Every structure is written in structure tokens, then in C-alpha cells.
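Working notes, structure below.
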Amino acid sequence: MTHSPLAQHLRHALDGKAGDLLPLCDFASLLVAGYLSVLACAIAAAAAGAPPESWADVRQVTWVAALIAPFVLYDSRFAAIAARPEAIAVAYARRMLAFLGLTGVIALAGRWLESAPPGWLAAWLGGTVLLTAGSRLLLAAALRRFEPGVRPLATAVPTFERVGPLAVTVISERPIRRWSAVTKSGADLALAIVITVLLLPVLGLIALAIRLDSPGPILFTQRRHGFNNSTFDIYKFRTMRVAPLAAGAGLQQTVRGDPRVTRVGRFLRKWSLDELPQVLNVLEGSMALVGPRPHAVDMRTEQRLGHEITDTYPHRHRVKPGITGWSQVNGCRGATDTTAQLRQRVELDLYYIEHWSPLLDLKILTRTFREVLRATNAF
């Protein structure tokens, strides 16, 4: 069956935007379900001659749930599984359970459900499931409206973008983009704020120890490669003695037993405590909590730059660099002394980029604590 260019364009557009439409639908669905359930309970109470209820706590639950839903229920792979109802059902059920659990914990902590009118919670849950599931069924049906044969056309020719009046070809897209980027950036910012507040006493003690141990600044800054091959200043606790860099000398990576490392610095590096100030980089937007570790500008491995060792090296800069990453929790922590080590890290970094999800970030953060406690490959 041959489709018109308009039909092909619509199918391609839906493929690219389906995952981004769902967060908007979920936000609207939660608000509608919340206010309709309030209206239904108010009408029932009035008909029974019951005294008027206070809806303040219920409205708080409604808005909190509506703000959480787009992030927890988000499924970036929705377009890819639209033709498989069972896959949609499994993915939706898993995310809905996580959403209800998180919302329930927040509501109980705020004691917002204690004053909820009888029957409101059941009405709200029913409306929420009905509207969020219904929006997925409708969107999946729209994606299936066009023959699967259109899909190869969308992938066989260059995924075009508009820049003003011009149509440009996208050679390499940003892998974590649109709502995925919003989700990741929002989670990074929220966690970085919490981490910074919790670690303030620790940061103060480390700063004092560095000041007493050796002369020089407390923080060490260094130019690193960031997103889209831009450069930025990374923040770390100073772990080395201050010494001027010889003119024309390349960056020398730290080696085991390096005499430049101070006593306090050796302890900080062993337990990765020197990396803690990078939460400031996350707060300013130059880094993420999880991503490929940023390499120093002009860093060389066996006297060669990264892009001279492997052609895929620049692709690790398609996302923001991270404080920790998939490489670090898979044994690749510390200096890259050989080209084989660098290639292995790039391979792991690219795996992370292509398979990113909020759950993968959570898995990496959890495993990072275990790797830090093992204190391996850090000196």
C-alpha cells in the first residue's frame, strides 16, 4: 500500500514526538482526574446533606501528582513498542506502580490523605488510570494508523530539521533530548541541591584539612571537555602541591605513588572525596551527576590525543559529562595509561549514551557507592 508524502510525514513526526506528547497528556490527565473526583465527591456530599469538606489537602495531592507524573510515567521508547499492546501494558503497569508508590509516600509524609473525603481516593485512582491508559491507547492507535512499511523510509533518509527557512540534515542527533533531557536535568538539579545541603559539614571539614596540610588554594580548577566538545572549568578539592607547569609541557596524568600528591590529597583521592565539589558543576549546568567522565583538555594517552586513538572518541561528548559514569562502575576508574584502556572507556561511555534511562542513572549512582568503598584504581 502506497502512502502519500503527507501520510509519511505524519508517521515520521509521530515517531519522533510520541514520547514527548505523553508527559503533557499525563500532566493534564492527573489534573483532570483530581478535579473531577473532587467535583464528584462534593456533589455526593451536598446531595447527602453532609457538611462541606475542606479540599486544601486534596488539591495539594492533585498538583504534586500532576507534577510528578510526566517524569515517572515517561516512556521514551513508546513509539518503538506502539505496535505491541502487551509491551505497552507491561511498561505502563511498571511505571504506574512506581508513580503511585512515590505519590503515596509523599502524601503520607505530608499527612494530606488524612482529611480526604470518603471515596475521593478511589475516584481519583480510577480517573487517573482511565485517562493515562486511554491516552496511551489513542496514541498507539494513531501510530498504527499508518503501515509499518513507512518506517524504513523514515530511517533510510536523513531524521531533517528546520532552522528558520532552511532545511538542514542532522548527521548526529543529541541522544538525550527533548523530554528525556528535561527529566535528566531536573533530576540532576534536585539531587545536587539535596547532596550539597547534606554534605556542607563534610565539605567544610575537608576544606579545613586541606588548608592545614599544605599551602595553596582549597579548590583546584581545570579545563575539561564538556557537552558538544565545549570546555568548562571543573571543580575539585586540591590534592597536589602547587607547582607551575613548564612551558610547552603537556598534561601529566597522576600515577601511583605520585610525589606531587599531598597527605590529605592521597586520602581524598583514595575515597574519591576530591570529586565532591563537582556538585557545583552540576548546579551551574556544565555537568550531570551521571555521564562520561570529562577528560582534561590536551590529555594524552601514550602521547596521543583521544580522537587520534579512536574515531568514536568525540561521540562521548554528545551528552553532558558526569561525576560518575558507566565506565567507573565497571572497573574503569583512575588514569588511562594505555590506548587499550582508553578504547575500553569510550566503548562503555557510548553504551551508556545509547542506553540511557532514569533507571540506568539510578543503578549507576547506587553502584558508585560500592565502587568508592572498594577504593580500587584510585590514587
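This one's a predicted model, so the numbers in the text were calculated from it and none came from an experiment.
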inquiry  = Does Q341 have more than 12 heavy atoms from other residues, nucleotides or ligands lying within 6.0 Å of its CD?
reply    = yes
query = Do other residues, nucleotides or ligands put more than 12 heavy atoms under 6.0 Å from Q303 CD?
reply =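 Result for CD/Q303: open.
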Looking only at atom types and distance, does a side-chain atom of [X] sit under 3.5 Å from a main-chain N or O of [Y], one as donor and one as acceptor?
X    : Y    : result
R316 : I353 : no
W179 : P70  : yes
E354 : L350 : no
N330 : W326 : yes
S185 : V182 : no
R95  : Y74  : yes
R293 : G322 : yes
R136 : T132 : yes
R241 : P259 : yes

Which atom pair, heavy atoms only, marks the closest approach of [X] to [Y]?
X    : Y    : answer
R333 : K270 : NH2-O, 3.6 Å
R318 : F227 : O-CE1, 3.1 Å
R343 : T310 : CG-CB, 4.4 Å
H317 : N229 : ND1-OD1, 3.2 Å
D361 : K184 : OD2-NZ, 2.7 Å
L30  : T62  : O-CG2, 3.9 Å

Mind checking whether [X] and [Y] have side chains closer than 4.5 Å, heavy atoms only?
X    : Y    : result
L131 : C25  : no
T128 : M96  : yes
V264 : L212 : no
L268 : I210 : yes
Y235 : T221 : yes
Y92  : D75  : no
L31  : W63  : yes
I206 : V202 : yes

To the nearest 0.5 Å, what is the distance between [atom1] ([X]) and [atom2] ([Y])?
X    : Y    : atom1 : atom2 : answer
F220 : M240 : CZ    : CE    : 7.5 Å
L102 : I68  : CG    : CD1   : 4.5 Å
T336 : M299 : OG1   : CE    : 4.0 Å
L280 : T196 : CG    : OG1   : 6.0 Å
D188 : I193 : CG    : CD1   : 11.0 Å
L283 : Q278 : CG    : CD    : 12.0 Å

message = Students often mix this up, so state it plainly: with edges at 30° and 60°, are the rings of Y351 and H355 parallel, tilted or perpendicular?
response = parallel
Let me check something: do [X] and [Y] share a hydrophobic cluster, defined by ILVMFWY side-chain heavy atoms less than 4.5 Å apart, either directly or through other members?
X    : Y    : answer
V129 : V64  : yes
L130 : L137 : no
L108 : V72  : yes
L73  : L100 : yes
I106 : L362 : no

May I ask you to check whether [X] and [Y] show a side-chain donor-acceptor distance below 3.5 Å?
X    : Y    : value
N281 : S286 : yes
T262 : R238 : no
H225 : Y313 : no
Y352 : S327 : no

Steps toward side-chain contact (heavy atoms from CB on, under 4.5 Å) verdict (V61, L113) = CA-CA 8 Å; V61 174; L113 296 179; 4.2 Å; yes
message = Between L143 and F78, is the side-chain contact (heavy atoms from CB on, under 4.5 Å) condition met? List the steps.
response = CA-CA 10 Å; L143 288 168; F78 184 82; 4.1 Å; yes
message = Using side-chain contact (heavy atoms from CB on, under 4.5 Å), reason through F99 and D26 one step at a time and then give a plain yes or no.
response = CA-CA 11 Å; F99 163 71; D26 290 337; over 6 Å; no
message = Would K236 and E275 count as a side-chain contact (heavy atoms from CB on, under 4.5 Å) here? Give the steps.
response = CA-CA 5 Å; K236 302 178 72 172; E275 312 284 357; 3.5 Å; yes
task = Output, in order, the C-alpha distance, side-chain angles, deciding distance and verdict of side-chain hydrogen bond (donor to acceptor under 3.5 Å, both in side chains) for T231 and R223.
result = CA-CA 6 Å; T231 59; R223 296 300 288 176; 2.6 Å; yes
